[in-house]
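In this chain, numbering begins with 1 at the start of the sequence shown. Treat the numbers as computed from the prediction; the structure is a model and nothing was measured.
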Amino acid sequence: TDGGSQITAGGRLAAFETTLVRTKRDTNVVVLFMDAPTSAAGDPRDAITLIVSHGNALDAAMFVPFGRRLRDTLGVNIVLYDYSGYGVSTGKPSARGVYADLEAVVDWCVDRKNFQPARIVLYGQSIGSAPTCRYAAKAGEAHDAYALLDASRMPDANVGERMRAWGRDERGVEHLPRA
């Protein structure tokens, strides 16, 4: 409502790289990315990347102050995004939409930013815990390398393909090349 607030908010947003990411449901979601502090890692690809799935009554821009604090406190890369139909992301909000949105953001981090999947951490707040938990159930490994949930039985899953590309089978069992 006043110029000072707008300047402060603009400065916070300026610290983030902003892009649109296309989902498999044919929507564009806004992604805000901020590198880890240089003291945490020489190359942002070496730092942990925290993908934040926000609550229902928020959008990614409202999470920026919290994201900056997490980045500075933990020394991590921060990825904030809006669900389809939130903020300026296209489409309409839906359960399937939020699942596709997070999957597209993770793919963007791996394919475009070249972050190692093992260094990506998902964080969901309120409604954001739904896509976070679903993605983790599909793609994450259980403690002490227990088998990954068979993602091939999950609808809309490309997790099996990604796991094979990472040197693991659909169950998450690692297959290292023999020396």
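Inter-residue side-chain proximity for Y135 and L122 is flagged as met; some heavy-atom pair is nearer than 4.5 Å. Residues W108 and T19 form a side-chain contact, since some pair of their non-hydrogen atoms from C-beta on lies under 4.5 Å apart.
Considering V79, D35, V121, V106 as possible partners of T49, the one that fulfils the side chain to side chain contact (heavy atoms under 4.5 Å, CB included) test is V79. For the side chain to side chain contact (heavy atoms under 4.5 Å, CB included) with Q125, the qualifying choice from L58, N56, V52 is L58, the only one to do so.
Around atom CZ of R22, more than 12 heavy atoms belonging to other residues, nucleotides or ligands sit under 6.0 Å away.
The OG1 atom of T23 sits 11.5 Å away from atom CG of L102, with the distance rounded to the nearest 0.5 Å. Atoms CD1 and OH, from I127 and Y86 in turn, are 4.5 Å apart once rounded to the nearest 0.5 Å. L80 CG to R71 CZ: the interatomic distance, rounded to the nearest 0.5 Å, is 11.5 Å. In this structure, CG in D46 is found 7.0 Å from CZ in R119, a value given to the nearest 0.5 Å.
With hydrogens and angles disregarded, a donor-acceptor distance shorter than 3.5 Å links the side chain of S129 to the backbone of S126.
Side-chain contact check for S94 and Y83: no donor-acceptor pair (N or O, by modelled atom type) lies under 3.5 Å.
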Check step by step if side-chain contact (heavy atoms from CB on, under 4.5 Å) holds for T90 and L20.
CA-CA 10 Å; T90 63; L20 291 174; over 6 Å; no

For the pair V110 and I120, evaluate side-chain contact (heavy atoms from CB on, under 4.5 Å) and give the outcome as yes or no after the intermediate values.
CA-CA 9 Å; V110 173; I120 294 175; 3.8 Å; yes

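In summary, the aromatic rings of F33 and F115 are positioned with their centroids under 6.0 Å apart. With ring centers used as reference points, F66 lies 6.0 Å or more from H54.
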